[in-house]
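Comments concern the structure below.
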Amino acid sequence: MLRRKIREEIIESLKRNYPHVEPSSFEIEKPKRPEFGDLSTNIALVHQNILKAKARDIAEILANDLRSKTELFTKVEVAGPGFINFWINSDLYRNNLKEIITKRDHYGRCDLGQGKKVLVEFVSANPTGPLHIGHGRGAAYGDALARLLKFAGFEVVKEYYINDRGTQMEILGASVLYRAKELRGEKIVFPEDYYQGDYIYDIAREALKLYPDLLEKEEKEALEICKELAIKTILEDIKRDLEIFRVHYDSWYSERELYRKGLVEEVIEVLKQKGYIYEEDGALWFKSSAFGDEKDRVVRKSSGEWTYFASDIAYHYEKFLLRGFDFGVNLWGADHHGYVPRLKGALSALEINPERLRILLIQMVNLIEGGQLKSMSTRRAEYVELKELVRDVGVDAVRFIFLSRSQDAPLDFDVDLVKKQSAENPVYYVQYAHARISSVWEKAKTIGLSPEDLLKSNLSLLQEEESLEILRKLAEFSDIIELSALQLAPYRIVYYLLELAGLFHEYYNKFKIVSSDKELTLARLALAEGCRIVIKNGLELLGVESPERM
RNA sequence: GCCCCUGUAGCUCAGUAGGAUAGAGCGUGAGAUUCCUAAUCUCAAGGUCGCAGGUUCGAAUCCUGCCAGGGGCGCCA
């Protein structure tokens with residue numbers, strides 16, 4: 001917010017001094033070193049070629065001009081090859097602190113989204129087994145992203161797309177039926193490519209209880225019963241696991257629903273009208289090569305079955321054209337990356353701007369157990385359940401680990417290490433700052449101070465460098481929100497919170513907040529309260545709790 | 001072979017769409033608590049930013065090539 005104001009001033013100044021020039025893009029950033037000021041711009045360096053002048057000369061002219069803005073700057077300097085460094089009038093930061101205290105939960109919100117409708121689709125694991133830690137990463141990331149976009153002014157719907165039809169579902173049903181036979185004492189050979197997990201036994205047991213005559217029924221009917229029961233049971237488990245993980249969906253969308261509504265045939269017909277569908281070798285093909293894909297793709301197999309791709313086209317057709325979403329964010333496993341061009345191609349063919357769909361590929365979670373790298377597989381029952389991890393380590397710690405990395409960096413997950421080190425999880429560092437501030441309030445209340453008194457506080461008493469540093473950091477929060485929303489990068493909030501918590505802990509150790517000096521106490525309480533509010537708002541976006549005590 | 005991601009301190013990772021002398025945490029070593037929570041703080045040691053070129057005032061960041069690790073390239077889902 002502050003940054004935007006300063007940017008405007010700089011552009012104004014450039015225009016005043018060089019009326020003939022069209023300003024090109026430049027940076028305003030926080031320099032690494034304090035002697036380079038609070039903010040710095042490279043505008044003179046960027047324009048030196050266009051203006052055919054030395055960067056330092058341009059910088060001097062602009063700096064001279066901007067020095068007169070004393071309500072904004074206390075000092076403006078030219079440095080190095082031609083940077084202009086600004087020292088910000090710290091009253092601006094003090095006013096910002098008042099704003100934080102007034103706005104509370106709302107501090108940091110912005111209108112980047114302008115009420116545009118976004119559908120965030122994530123996890124969407126096939127209902128063939130329990131959620132494992134790989135899904136957990138997607139769950140944490142998608143949920144935080146949805147919270148963030150909402151905070152940034154979008155209208156957000158969180159959706160789980162259920163692949164509840166197709167080959168895998170048939171295999172699932174068959175797996176249950178085989179286990180049921182086994183339970184009844186039949187000698188069976190359980191196929192390798194069937195689902196191996198123990199939960200299949202549980203479902204089989206349940207099936208036999210509900211349908212004592214299951215094995216006497218026609219094979220086809222029995223399979224159907226097993227399949228339906230399996231999908232229902234597993235989906236319930238998935239929902240429960242996600243709720244425990246504090247992920248709540250607005251919408252569960254069934255792939256079958258697309259067929260029930262006839263949307264698959266409808267959209268393929270639309271594409272056919274546009275000339276992007278053709279028949280070859282008995283199958284129907286979509287001309288994705290016309291949109292940069294390396295080859296065309298099958299939408300209906302020669303067997304007459306629709307492919308997963310066909311459902312997906314219909315799903316996105318409905319999402320953008322019928323349900324009216326302005327944007328879509330899909331979180332996919334990185335192993336689906338080859339799938340991106342064909343889906344974007346299909347959107348283009350439907351005259352939906354593919355830019356409206358952002359597909360984030362979540363890199364692998366490598367499972368390390370006993371020092372061994374393991375690949376996770378639902379079918380082979382090689383995985384660590386999300387539920388189990390959450391039970392051992394806690395929701396906050398698990399979410400924080402997943403959210404502290406960009407989605408495109410692979411994540412090595414050493415289960416033993418995480419369990420052992422859960423007590424050292426950085427999430428506690430941030431939460432501890434919040435708890436400490438709450439505890440400071442306990443103390444302040446004993447001498448008769450309450451949050452209402454803060455608005456009367458005299459913030460000009462906050463003069464130490466450590467106070468100013470915190471004030472500046474607090475003002476950065478809105479920049480961080482905007483940036484992480486634009487980049488769909490919630491992990492930036494994680495690092496921001498760690499920095500803010502660090503500054504607070506440092507301050508806390510060095511200065512006494514509650515003292516006999518009532519005026520100073522109020523000012524410092526205001527600073528602490530600003531930290532508390534921003535930490536709480538930030539953690540809320542991550543889906544992490546802010547405890548009053550630890 | 002082609003495509004995507006990754007490579008920064010012993011380990012795990014930041015580095016804000018190119019900036020000034022490269023940053024944390026863990027681990028290692030030394031210290032801080034009669035006082036608001038020591039899940040904290042202070043100090044120290046630790047680097048060829050995978051390698052080689054290029055672009056420019058300036059590169060960990062952008063481009064090209066190479067090396068290493070992971071993933072993907074079906075009428076599978």
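Not measured: the values here are computed from a predicted model. Numbered from 1 within each chain, the chains take letters A, B, ... in sequence-line order.
A gap of 10 Å separates the C1' atoms of B/A38 and B/A32, to the nearest Å. Using atom P as the reference point in both B/G27 and B/C11, the two lie 16 Å apart (nearest Å). Remark: the separation of the P atoms in B/G47 and B/C4 is 35 Å, to the nearest Å. Between B/C35 and B/A30, the distance separating the two C1' atoms is 25 Å to the nearest Å. When the P atom is compared between B/C57 and B/G70, the two are found 41 Å apart, to the nearest whole Å. B/G10 and B/A45: their C1' atoms are spaced 12 Å apart (whole Å). Nucleotides B/C26 and B/G50, compared at atom P, are 25 Å apart to the nearest Å. Rounded to whole Å, the P atom of B/U8 lies 10 Å from the corresponding atom of B/A14.
In this structure, A/Tyr429 forms no aromatic stack with the base of B/A39, since the conditions of centre separation below 5.5 Å and plane angle below 30° are not both met. Here A/Phe83 lies parallel enough and close enough to stack on the base of B/A20, with planes under 30° and ring centres under 5.5 Å apart. Aromatic stacking is marked for A/His336 over B/A77, as both cut-offs hold: 5.5 Å for the centres and 30° for the planes.
To the nearest angstrom, P of B/A24 lies 19 Å from OH of A/Tyr491. Going from atom CG of A/Asp408 over to atom P of B/G69 covers 21 Å, rounded to whole Å. One atom, OH of A/Tyr508, and another, C1' of B/A32, lie 15 Å apart when rounded to the nearest Å. Protein atom CG of A/Leu258 is 15 Å distant from nucleotide atom C1' of B/A77, rounded to whole Å. If you take CD of A/Glu499 and P of B/G23, they are 13 Å apart, rounded to a whole angstrom. What separates CZ of A/Arg436 from P of B/C35 is a distance of 14 Å, to the nearest Å. Atom CG of A/Leu360 and atom P of B/C5 are 13 Å apart (whole Å). In this structure, A/Trp332 places its CH2 atom 20 Å from P of B/C3, rounding to the nearest Å.
Considering only side-chain atoms of A/Leu483, the nucleotide from B/C36, B/A17, B/C57 that sits closest is B/A17. Closest to the side chain of A/Arg492, out of B/G15, B/A77, B/G70, is B/G15. Each of B/C57, B/C75, B/G70 was ranked by its minimum atom distance to the side chain of A/Lys295; first place goes to B/C75. Distances were taken from every side-chain heavy atom of A/Ala79 (C-beta onward) to each of B/A20, B/U42, B/A77; the shortest belongs to B/A20. Residue A/Val298 places its side chain closer to B/C75 than to any other of B/C75, B/A17, B/C57.
Between the side chain of A/Thr307 and the base of B/A77 there is no donor-acceptor pair of N/O atoms closer than 3.5 Å. Counting atom types as modelled, A/Asn85 pairs a side-chain N or O with a base atom of B/A20 as donor and acceptor under 3.5 Å. Judged by atom type and distance alone, A/His337 reaches the base of B/C3 through a side-chain donor-acceptor pair under 3.5 Å. No hydrogens or angles were tested; on distance alone, nothing pairs the side chain of A/Asp335 with the base of B/G71 as donor and acceptor under 3.5 Å.
Using a 4.0 Å cut-off between charged side-chain N and carboxylate O, A/Lys30 and A/Glu476 make a salt bridge. Salt-bridge formation is not detected for the pair A/Lys54/A/Glu60: no Lys NZ or Arg NE/NH1/NH2 atom is positioned less than 4.0 Å from an Asp or Glu carboxylate oxygen. Note on A/Glu465 versus A/Arg472: salt bridge recorded, some NZ/NE/NH1/NH2 to OD/OE distance being below 4.0 Å. Taking a cutoff of 4.0 Å between a charged side-chain nitrogen and a carboxylate oxygen, A/Arg256 and A/Glu228 qualify as a salt bridge.
At least one test fails for A/Arg436 against the ring of A/Phe504: distance under 6.0 Å to the centre or angle within 45° of the axis.
Looking at heavy-atom distances under 4.0 Å, A/Thr167 makes contact with sugar-phosphate atoms alone, never a base. Within 4.0 Å of A/Pro426, counting heavy atoms only, lies no atom of the nucleic acid at all. The residue A/Glu255 sits apart from the nucleic acid: no heavy atom pair falls under 4.0 Å. Contact annotation for A/Lys30: base contact, defined as any heavy-atom pair under 4.0 Å involving a base atom. Note on A/Gln487: only backbone sugar-phosphate atoms sit closer than 4.0 angstrom, heavy atoms only; bases stay farther off.
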query: Do A/Glu529 and A/Trp441 pass the side-chain hydrogen bond (donor to acceptor under 3.5 Å, both in side chains) test, and can you show the C-alpha distance, the side-chain angles, and the key distance before you say yes or no?
result: CA-CA 9 Å; A/Glu529 180 65 1; A/Trp441 271 115; 2.8 Å; yes
message: What verdict does the side-chain hydrogen bond (donor to acceptor under 3.5 Å, both in side chains) test give for A/Tyr315 and A/Glu257, after you've listed the backbone C-alpha separation in whole Å, the side-chain angles of each residue and the deciding distance to 0.1 Å?
response: CA-CA 10 Å; A/Tyr315 176 54; A/Glu257 195 61 24; over 6 Å; no
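The strand RNA chain B forms stems, runs of 3 or more Watson-Crick or G-U wobble pairs with distances below 3.5 Å, at B:1-7 with B:67-73, B:10-13 with B:23-26, B:28-32 with B:40-44, B:50-54 with B:62-66.
Of the N and O atoms on the side chains of A/Asn163 and A/Glu255, at least one donor lies less than 3.5 Å from an acceptor on the other residue. For the residue pair A/Asp517 and A/Ser515, no side-chain donor N or O sits within less than 3.5 Å of a side-chain acceptor on the partner.
Pairs of residues two or more places apart, or lying in two chains, never qualify as salt bridge (Lys or Arg N to Asp or Glu O under 4.0 Å) while including a residue from residues 121-132 of chain A.
Glycosidic torsion of B/A17 falls within 90° of 0, placing the base in syn.
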